[in-house]
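The block underneath contains the structure these notes are about, expressed in structure tokens.
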Amino acid sequence: MPSVLITGARFASVPELAPIGATVISADEIRRAGVSDVNQAIRKIGGVYGRQSDNVSPDFALDLRGFGSTGSQNMVVVLDGVRMSENELTGPVLSTIPIETVERIEIIRGASSVLYGEGATGGVIRIVTRRPGKRVRHGSVFAEAGQFGQHDVRASVAQSWDAVSLDAAIDDQASDNYRANNRFRQRSFSGGAQWAVGAGRIGVRIDSARQDARLPGSLSLAQFQANPRTSQTPNDFGALDSQRISAFVEQRVGNIDLAAELSHREKTVKAHYESSYGITDVAYDSEQTQFSPRLRHLSQFGATVNELVAGIDLMRWNRVTKADFSTADASQDSKAIYVRNEFRWDPAHNGRFALGVRRELFDKAYTDPLGYPPVAETSVQAQNAWEAQLSYSVLAQVNLHAKAGQSYRMANADENGFRSSTTVLKAQTSHDMELGVTIGAPGQQISARVFRHRLVNEIFYDPTLGYGANTNLDPTRRQGVEIDAEARLAPNWRLNGHLQHVQARFTAGTNAGREMVLVPKNVVSARLSWAPANGHSVDIGAQWVDSQRYGSDFANDCAARIPSHTTVDARYARTIGRWELAVSGLNLADKQYYSNAYGCQGGIYPSDGRQLKLSARHDF
């Protein structure tokens with residue numbers, strides 16, 4: 001079957017209409033860096049800042065453009081057209097996506113609400129899986145072991161015939177991790193089938209995952225300094241079960257492309273907490289169904305290429321809570337329609353201009369008989385988004401681009417369930433601008449972007465409201481500079497670098513001029529790889545993260561900041577025939593640091609110390 005990439009305006013990419021200003025991580029880069037999951041690839045290769053999760057899973061909380069603890073809610077993650085971001089205060093689980101099946105990862109920084117809806121102010125991360133060609137069979141077996149009782153065993157296989165292809169992947173990983181009461185185990189399965197039908201194709205995929213985690217809890221600064229590996233919650237634990245089935249269809253009729261995805265996900269989350277106040281057991285059962293039909297008309301008039309895309313996104317989400325303190329039921333239905341047109345003129349200078357609009361309607365319901373007071377409410381909210389993009393190559397290897405638009409985010413069920421107001425939280429809106437320049441050709445290239453997001457009614461947890469509550473903040477702003485660079489220093493040497501400088505501040509109200517919390521002003525990442533043709537390869541990466549405000553420091557009066565830190569990782573691999581043997585290390589300097597801290601010099605979740613690993617991989 002032909003290789004098809006779900007990119008561009010949510011359709012198979014036309015090279016001259018590739019996403020403007022996107023960062024692309026290829027399968028070769030993923031393999032060379034030896035990353036073990038998608039979340040790690042986004043952070044280490046794509047230069048996206050990630051904050052280690054407090055439940056010790058491999059899924060770090062990703063943050064595009066400095067949104068702090070709501071970074072996951074201000075970006076959208078899409079896997080082959082299916083939205084993985086949800087209506088909860090949790091990030092998408094990316095570590096269960098088989099890394100061997102990933103063809104590429106596209107990181108589009110900046111507002112993208114026209115195509116992807118609410119929560120896309122910071123940007124979009126699109127994960128595209130590999131499509132096998134005709135009459136091809138390939139697979140791999142991977143095993144890894146490391147410090148802290150860590151192991152990871154993965155296997156994948158794909159087989160295709162003339163019109164049918166099948167694939168499957170399994171993974172079993174576990175680790176005692178760095179801290180006490182910190183063990184984590186994850187098992188996952190992914191399998192799919194595709195059929196070529198005339199000028200199109202159809203397919204179905206099943207994904208299943210199970211996570212079990214011990215929860216080590218937070219520390220005070222004194223406890224962290226005395227022993228960052230200790231736990232104050234030795235009896236806390238949690239579990240997650242998730243199953244997703246999705247189907248897609250693509251068909252070309254004349255000069256119109258038709259496509260649709262239908263996806264249904266069921267998830268159960270359980271947690272057990274013990275404290276001086278007693279024992280708390282919590283369970284959540286949630287479901288999410290998505291249906292996204294769309295069409296594209298691609299035409300050419302002389303040197304002009306025009307792409308018109310229109311579609312509908314329908315989403316239904318509901319959750320049932322089972323706990324001593326709550327029996328909350330929450331649901332949300334969203335209906336959206338969007339249209340976007342882009343045309344390319346003057347091929348010599350790759351001139352491009354795009355306009356798009358979106359209208360989305362949200363129906364929310366929430367009931368909790370055990371609430372104080374009991375709650376039973378419904379609401380209807382509607383939002384609009386628009387965007388305009390322009391790109392033009394003023395010289396042979398100098399491209400300029402500009403973007404402007406409006407994006408939005410809705411309060412999720414967790415935020416509305418614990419809020420400061422008597423009515424549901426208002427929609428967060430952002431007016432967005434970006435100017436960028438790209439100099440050079442792939443392999444020897446530098447890109448720089450200047451951006452600004454002016455937000456009204458930003459949805460955020462404010463610890464200064466009583467005992468703390470989610471609220472709509474006074475106006476805020478994110479502005480800064482991003483730089484991506486790549487260089488081939490020699491035939492076998494390659495250097496990549498990413499820099500993000502962001503100012504996140506209140507622009508009005510009682511906190512006007514003060515910095516937002518949990519946002520490092522600067523993040524710098526660099527990777528150096530050496531891959532000669534003799535089977536040896538070396539990959540070294542480093543990241544420096546600037547200091548940042550503690551999570552409760554809205555008034556900016558805490559006597560300290562979360563310290564800056566630098567981490568280094570490296571991997572050496574030797575390929576012998578179909579075998580690859582590797583040794584790798586994370587946080588090689590054994591830096592004791594933290595990026596999650598929700599109180600002033602307290603509420604600290606330590607990050608991992610040094611870890612060395614050995615691995616073997618066999619391809620067939």
Side-chain angles (χ1 to χ4, degrees), residues 21-25 29 33 35 38-53 58-75 77 91 94 105 107-110 121-125 434 436 446-453 476-486 495-505 515-528 539-551 553 561-570 586-589 591-597 605-608:
T23 299
V24 179
I25 303 171
E29 290 175 304
V35 294
V38 170
N39 186 287
Q40 193 177 88
I42 293 168
R43 291 183 287 111
K44 293 186 175 298
I45 307 174
V48 175
Y49 177 56
R51 184 175 283 106
Q52 185 160 317
S53 62
D59 287 291
F60 282 46
L62 302 175
D63 186 2
L64 291 170
R65 295 198 164 170
F67 283 90
S69 57
T70 63
S72 293
Q73 284 70 52
N74 280 282
M75 69 177 205
V77 177
L94 305 182
I105 301 170
I107 303 169
I108 303 176
R109 293 170 169 86
T121 296
V124 173
I125 295 176
E434 176 180 311
I446 183 169
S447 298
R449 298 174 293 275
V450 179
F451 64 88
R452 183 181 68 191
H453 302 282
T476 55
R477 181 183 63 208
R478 306 297 193 281
Q479 64 181 18
V481 179
E482 297 165 335
I483 299 175
D484 301 327
E486 59 177 338
L495 178 65
N496 291 318
H498 305 272
L499 178 146
Q500 176 181 279
H501 170 79
V502 59
Q503 295 179 344
R505 295 183 180 273
E515 293 180 319
M516 288 292 293
V517 299
L518 293 177
V519 178
K521 184 175 293 185
N522 299 289
V523 179
V524 181
S525 304
R527 298 203 72 81
L528 177 66
D539 191 89
I540 302 172
Q543 184 179 74
W544 174 73
V545 178
D546 206 349
S547 64
Q548 51 194 299
R549 295 281 179 185
Y550 280 94
D553 194 15
R561 296 168 64 97
I562 297 175
S564 62
H565 63 267
T566 301
T567 54
V568 178
D569 64 271
L586 303 175
N587 190 10
L588 289 175
K591 177 71 174 179
Q592 293 186 358
Y593 70 102
Y594 53 94
S595 55
N596 260 344
Y605 290 85
S607 296
D608 288 340

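Residues take their numbers from the sequence shown, with the count starting at 1.
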Checklist entry - Between Val568 and Ala542, what is the shortest heavy-atom contact and its length? => result CG2-CB, 4.2 Å
Checklist entry - Does a side chain donor of either Asp546 or Ser564 reach within less than 3.5 Å of an acceptor in the other side chain? => result no
Item to check | Flag, side chain of Arg51 to backbone of Ser595, donor-acceptor distance under 3.5 Å | outcome: yes
Checklist outcome for this item: For Arg478, the side-chain hydrogen bond (donor to acceptor under 3.5 Å, both in side chains) test, sequence neighbours excluded, returns Glu458
Next on the checklist: With no hydrogens and no angle check, just 3.5 Å: does a side-chain donor-acceptor pair link His453 and Arg477?
Outcome noted: no
Checklist outcome for this item: Minimal heavy-atom distance between Ile562 and Tyr594, with the atoms involved, is CG2-O, 3.3 Å
Next on the checklist: Could you tell me if the side chain of Asn587 sits less than 4.5 Å from the side chain of Asp569, heavy atoms only?
Outcome noted: no
Checklist entry - Between Asp608 and Gln52, do the side chains contain an N or O donor and an N or O acceptor separated by less than 3.5 Å? => result yes
Checklist outcome for this item: Residue set satisfying side-chain contact (heavy atoms from CB on, under 4.5 Å) with Ala589, at least two apart, ordered chain then number -> none
Item to check | From CA spacing to verdict: salt bridge (Lys or Arg N to Asp or Glu O under 4.0 Å), Arg452, Glu434 | outcome: CA-CA 7 Å; Arg452 183 181 68 191; Glu434 176 180 311; over 6 Å; no
Next on the checklist: Between Thr476 and Arg505, is there a side-chain donor-acceptor contact under 3.5 Å, judged purely by atom types and distance?
Outcome noted: no
Next on the checklist: Distance to the ring centre below 6.0 angstrom and angle to the axis at most 45 degrees; does that hold for Arg109 and Phe451?
Outcome noted: no
Checklist entry - Between Ile45 and Arg527, what is the shortest heavy-atom contact and its length? => result CA-CD, 4.2 Å
Checklist entry - Tell me, do Ser547 and Pro520 make a side-chain contact under 4.5 Å, heavy atoms counted? => result no
Next on the checklist: Against Ile125, only a single residue in Asn39, Ile42, Ile25 fulfils side chain to side chain contact (heavy atoms under 4.5 Å, CB included); can you say which?
Outcome noted: Ile42
Item to check | Any donor-acceptor N or O pair under 3.5 Å, side chains Gln500, Arg449 | outcome: no
Checklist entry - Which heavy atom of Glu29 sits nearest a heavy atom of Val24, and at what distance? => result OE1-O, 3.5 Å
